[in-house]
There are 2 protein chains.
Amino acid sequence: MIDEQTAREQVVTAADRLFYTRGIQAVGMDAVRAEAGVSLKRIYGLFPSKDDLVIAVLHRRTEQWNTGIATSAEGAKTPEEKLLAVFDFLSGWFRQDDFRGCAFINSYGELGASSAAVAQVARQQKADFQRYVASLVEELGAPSSLAPQLALLAEGAQTTAAISGDASAAAHARSAAQILIAAALGRVPAAA
Amino acid sequence: MIDEQTAREQVVTAADRLFYTRGIQAVGMDAVRAEAGVSLKRIYGLFPSKDDLVIAVLHRRTEQWNTGIATSAEGAKTPEEKLLAVFDFLSGWFRQDDFRGCAFINSYGELGASSAAVAQVARQQKADFQRYVASLVEELGAPSSLAPQLALLAEGAQTTAAISGDASAAAHARSAAQILIAAALGRVPAAA
DNA sequence: TTCGCCTGAGAACGAGCGTTCTCCGGTGCT
DNA sequence: AGCACCGGAGAACGCTCGTTCTCAGGCGAA
């Protein structure tokens, strides 16, 4: 038999793919079982309820997001480049053919009203991201008001890319970010 | 008996309130009946299925959004003021205590994968808004690349305000918009 | 008044869901 | 080998939902 850790990962991976592409409520636990190849009994042994599974999926999405951002920032030398790397990361993500928007926003829209835990995880992820941006802005020596502005661009790019199916939202966000950064640093920004 | 038009409005109003606050799938048709005070039979006479009702609700949201934006722009004299009025409109909206994010984004996250009609209406609304912003940008004589940037800010503000519960997102978006507009016009923007 | 007709209230139906239970075959220990 | 346990397959259960059907009551026309 596969060990517990592997089973957990298989279930979360399968659930993530199904939830993300079809919506959480539209996916039954039996579909997760089929996709994961793990028996229903085992799944309920690992995750006491579907809600717990949803939370586990969102937690893994948080980690993936964080490492994705970190990886994208690796080649960047200055804080400014690291900030812009966020939008490069988004650009690559938007171009994946299974892209269907930010899982946190989607989950919040679907379950945020009925599940406090889901709302909490989504809020947490957004707060973490805001903190990350804020730390880079501080490192850059720019006024702290720049941070929420850049975060707004990243959020907007995600929903625009999802709904309008316009992957170039990342590029627009990136150039807007450049302008805002330049302005915050007192440089004369190059008009887009 | 109440006439058809009134019944339609009562049903859509009730459904909108319930769908928006609790999520669409979490609200049964019987709850709509109770809230609207219109019999189930009548509802199904007016809207052949729940999907049709959802679409009707989203259509009315579109109208409300458009008139809200237009009203907010009424006092504005220049295209620039009209653009900024969008964010003032958002600010007022975010502060309503029943605010729970953009209904189109929420609906898309919940049903966009399973209902093509819902996805279509959401996409349409976003496209209309983009066109509105683009027309103002053109009127302003700014490069057209400014339009998607401003739209991005508005979208981001909505999701941020919803998930983080941070109504000041509108203010952040507004000042970012001012900077982007100034830069696009070749003026030296005032750092936030 | 009497007869249709229409409407509202709500029961009914069929499907799908989350969750639990049953049963059976295999596995490891003695 | 014999036995106790464990996990998988999937049936079962209780519930909710979208949608339809039934039925009784009220209203207008003759």
Side-chain angles (χ1 to χ4, degrees), chain A residues 1-58 106-107 109-118, chain B residues 1-58 106-107 109-118:
Chain A
M1 209 204 21
I2 50 183
D3 75 296
E4 174 170 327
Q5 208 50 38
T6 315
R8 276 191 114 86
E9 262 172 45
Q10 283 182 9
V11 172
V12 172
T13 301
D16 190 11
R17 178 163 42 235
L18 294 175
F19 290 167
Y20 183 65
T21 51
R22 298 192 213 161
I24 296 173
Q25 314 205 61
V27 172
M29 292 298 276
D30 197 62
V32 175
R33 175 202 57 78
E35 177 94 1
V38 174
S39 81
L40 224 37
K41 195 177 186 178
R42 192 99 191 270
I43 293 179
Y44 273 94
L46 297 168
F47 306 95
S49 74
K50 188 182 182 181
D51 260 336
D52 294 278
L53 177 54
V54 171
I55 299 296
V57 166
L58 291 180
N106 291 348
S107 304
E110 189 169 353
L111 298 174
S114 50
S115 163
V118 168
Chain B
M1 208 203 24
I2 50 183
D3 74 294
E4 177 172 324
Q5 207 51 39
T6 315
R8 276 192 114 86
E9 261 171 46
Q10 283 182 10
V11 172
V12 171
T13 300
D16 189 12
R17 177 163 44 236
L18 293 175
F19 290 167
Y20 183 65
T21 51
R22 299 193 212 160
I24 296 173
Q25 313 203 62
V27 171
M29 291 298 277
D30 198 62
V32 175
R33 176 202 56 79
E35 177 94 0
V38 173
S39 80
L40 261 182
K41 196 176 184 179
R42 191 99 192 269
I43 293 179
Y44 274 94
L46 298 169
F47 307 96
S49 75
K50 189 182 184 182
D51 259 336
D52 294 278
L53 178 54
V54 171
I55 299 296
V57 167
L58 291 181
N106 291 349
S107 305
E110 188 168 353
L111 298 175
S114 49
S115 163
V118 168

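Here is how names work: the chains are called A, B, and so on, in the same order as the sequence lines, proteins then strands, and each is numbered from 1. The figures that follow rest on heavy atoms only: side chains count, while hydrogens, waters and symmetry mates do not.
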- Kindly give the heavy-atom pair with the smallest separation between V27(B) and R22(B), and that separation in Å.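 Scanning both residues, the minimum pair turns out to be CG2-CB, 3.7 Å.
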I need the [atom1]-[atom2] distance between [X] and [N], as an integer number of Å.
X: R33(A); N: dG18(C); atom1: CZ; atom2: C1'; answer: 14 Å
X: L40(A); N: dC23(C); atom1: CG; atom2: C1'; answer: 16 Å
X: E110(B); N: dC17(D); atom1: CD; atom2: C1'; answer: 14 Å
X: Q25(A); N: dC17(D); atom1: CD; atom2: C1'; answer: 12 Å
X: M29(A); N: dC13(D); atom1: CE; atom2: P; answer: 21 Å
X: Y44(A); N: dG10(D); atom1: OH; atom2: P; answer: 17 Å
X: R42(B); N: dG18(D); atom1: CZ; atom2: P; answer: 20 Å
X: D30(A); N: dG8(D); atom1: CG; atom2: C1'; answer: 13 Å

- Remember a base hit wins even if backbone is also touched, and classify K41(A) as base, sugar-phosphate or nothing at under 4.0 Å, heavy atoms.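 Base, at least one base atom sits under 4.0 Å.
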- So what does V32(B) hit on the nucleic acid, given a heavy-atom distance under 4.0 Å: a base, only sugar-phosphate, or nothing?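 No contact.
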- Under 6.0 Å from the six-membered ring centre of F47(A) and within 45° of its axis: does the NZ or CZ of R8(A) meet both?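 Yes, a cation-pi geometry.
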- Between E110(A) (side chain) and G23(A) (backbone), is there a donor-acceptor pair under 3.5 Å?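 It does not hold such a pair.
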- Query: Does any N or O in the side chain of Q10(A) come within less than 3.5 Å of the main-chain N or O of G37(A), such that one atom is a donor and the other an acceptor?
  - Reply: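 Here the side-chain-to-backbone pair does not exist.
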- Report the residue (P48(B) or S39(A)) whose heavy-atom-nearest nucleotide on DNA chain D is the more 5′ of the two.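 Here S39(A) is the residue nearer the 5' end.
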